[in-house]
Amino acid sequence: MKKLFSSSAALLLAVGAGLVVPGSVGATEPYCGITWGSTGEQSVSSPLNETYLVDVRAGRHECFDRLVVDIEGFTGTYSVEYVDEVTGIGSGLPIPLRGDAELSILVESPAYDEDGDPTYDPDDQQELVDTTGYETFRQVAWAGSFEGQSKIGLGVRARLPFRTFFLTGPGETTRVVVDVAHRW
């Protein structure tokens with residue numbers, strides 16, 4: 001009886017001290033099963049052929065917002081990271097973005113062909129995509145294309161988890177996908 005009383009008292013003391021929190025198991029489950037982080041991601045490999053950036057678009061999902069960069073050809077290189085300030089590629093000038101965090105998205109594909117003609121020429125470089133109604137995205141802006149690379153600035157609500165990956169096809173196309181979670 002003394003041992004049962006001592007064990008019960010020790011458990012109550014541990015709960016009171018916050019060492020054991022009843023029902024806390026579910027609190028550590030990730031949001032929507034998302035296990036992404038917020039550190040930079042990159043993929044480095046040589047493109048198999050000439051590639052050209054041809055479009056930038058976005059979509060809303062239940063647990064995240066998605067940015068898609070459409071590439072004609074197969075590309076194998078991207079770099080996506082949170083930065084203090086997105087700057088123009090080639091110019092180094094700041095690209096103003098709405099939101100409390102900024103993602104810099106760099107792809108190894110120019111927005112012009114071998115003759116220098118544009119393959120992607122946005123009407124409004126400050127608003128590539130209308131982000132009205134998006135939970136996480138605040139602004140998608142063009143940061144330029146220079147020396148075979150193109151850069152996009154993504155203003156987001158906060159420094160939230162993200163992931164980046166490729167989708168290939170249909171045909172000889174590549175899509176660089178950046179998903180940013182709605183919350184941690």
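Every heavy atom of this structure was used, including side-chain atoms; hydrogens, water molecules and symmetry mates were not.
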Visitor: Are the side chain of Glu102 and the backbone of Val86 linked by a donor-acceptor contact shorter than 3.5 Å?
Guide: yes
Visitor: Could you check whether any side-chain heavy atom of Thr164 comes within less than 4.5 Å of a side-chain heavy atom of Val176, counting everything from C-beta outward?
Guide: yes
Visitor: Which heavy atom of Ala181 sits nearest a heavy atom of Trp36, and at what distance?
Guide: N-CZ3, 3.7 Å
Visitor: Please name the pair of heavy atoms, one in Ser145 and one in Ala111, separated by the smallest distance, quoted to 0.1 Å.
Guide: OG-N, 2.8 Å
Visitor: Which salt bridge (Lys or Arg N to Asp or Glu O under 4.0 Å) pairs, counting each pair once, include a residue from residues 73-87, with sequence neighbours left out?
Guide: none
Visitor: Could you tell me which residues satisfy salt bridge (Lys or Arg N to Asp or Glu O under 4.0 Å) with Asp179, sequence neighbours excluded, listed by chain and number?
Guide: Arg66, Arg163
Visitor: Looking at residues at least two apart in the chain, or sitting in another chain, which of them share a side chain to side chain donor-acceptor pair (under 3.5 Å) with Asp130?
Guide: Thr132
Visitor: With a 4.5 Å heavy-atom cut-off, do Gln126 and Gln139 have their side chains touching?
Guide: yes
Visitor: Taking only residues two or more places apart in sequence or in another chain, which ones pass side-chain contact (heavy atoms from CB on, under 4.5 Å) with Ala58?
Guide: Leu67, Val129, Tyr134, Phe137
Visitor: Using a side-chain heavy atom cutoff under 4.5 Å and only I, L, V, M, F, W and Y, what cluster partners does Ile89 have?
Guide: Leu106, Phe146
Visitor: Applying disulfide (SG to SG under 2.5 Å), which residue pairs with at least one partner in residues 94-184 are found, sequence neighbours left out?
Guide: none
Visitor: For Glu62, give me all partners under side chain to side chain donor-acceptor pair (under 3.5 Å), at least two apart in sequence or on another chain.
Guide: none
Visitor: List the atom pairs, with distances to 0.1 Å, where a side-chain N or O of residues 91-98 and a protein N or O form a donor-acceptor pair under 3.5 Å, not counting sequence neighbours.
Guide:
residue: Ser91; atom: OG; partner: Leu93; partner atom: N; Å: 3.1
residue: Arg98; atom: NE; partner: Arg138; partner atom: O; Å: 3.3
residue: Arg98; atom: NH1; partner: Glu127; partner atom: OE2; Å: 2.8
residue: Arg98; atom: NH2; partner: Glu127; partner atom: OE1; Å: 3.2
residue: Arg98; atom: NH2; partner: Glu127; partner atom: OE2; Å: 3.1
residue: Arg98; atom: NH2; partner: Arg138; partner atom: O; Å: 3.0

Visitor: Under the disulfide (SG to SG under 2.5 Å) definition, can you give me all pairs with a residue in residues 63-166, not counting sequence neighbours?
Guide: Cys32-Cys63
Visitor: Which residues satisfy the salt bridge (Lys or Arg N to Asp or Glu O under 4.0 Å) test with Arg57, sequence neighbours excluded?
Guide: Asp70
Visitor: To the nearest 0.5 angstrom, please state how far the OG1 atom of Thr136 sits from the CG atom of Leu103.
Guide: 10.5 Å
Visitor: Are the ring centres of Tyr120 and Tyr52 closer than 6.0 Å?
Guide: no
Visitor: Got a sec, which residues hit ring pair (Phe, Tyr, Trp, His ring centres under 6.0 Å) with Tyr82, two or more places apart in sequence or on another chain?
Guide: Phe162
Visitor: Going from OG on Ser150 to CG on Leu53, what distance comes out if it is rounded to the nearest 0.5 angstrom?
Guide: 5.0 Å
Visitor: Taking only residues at least two apart or on different chains, which pairs with a member in residues 109-118 satisfy salt bridge (Lys or Arg N to Asp or Glu O under 4.0 Å)?
Guide: none
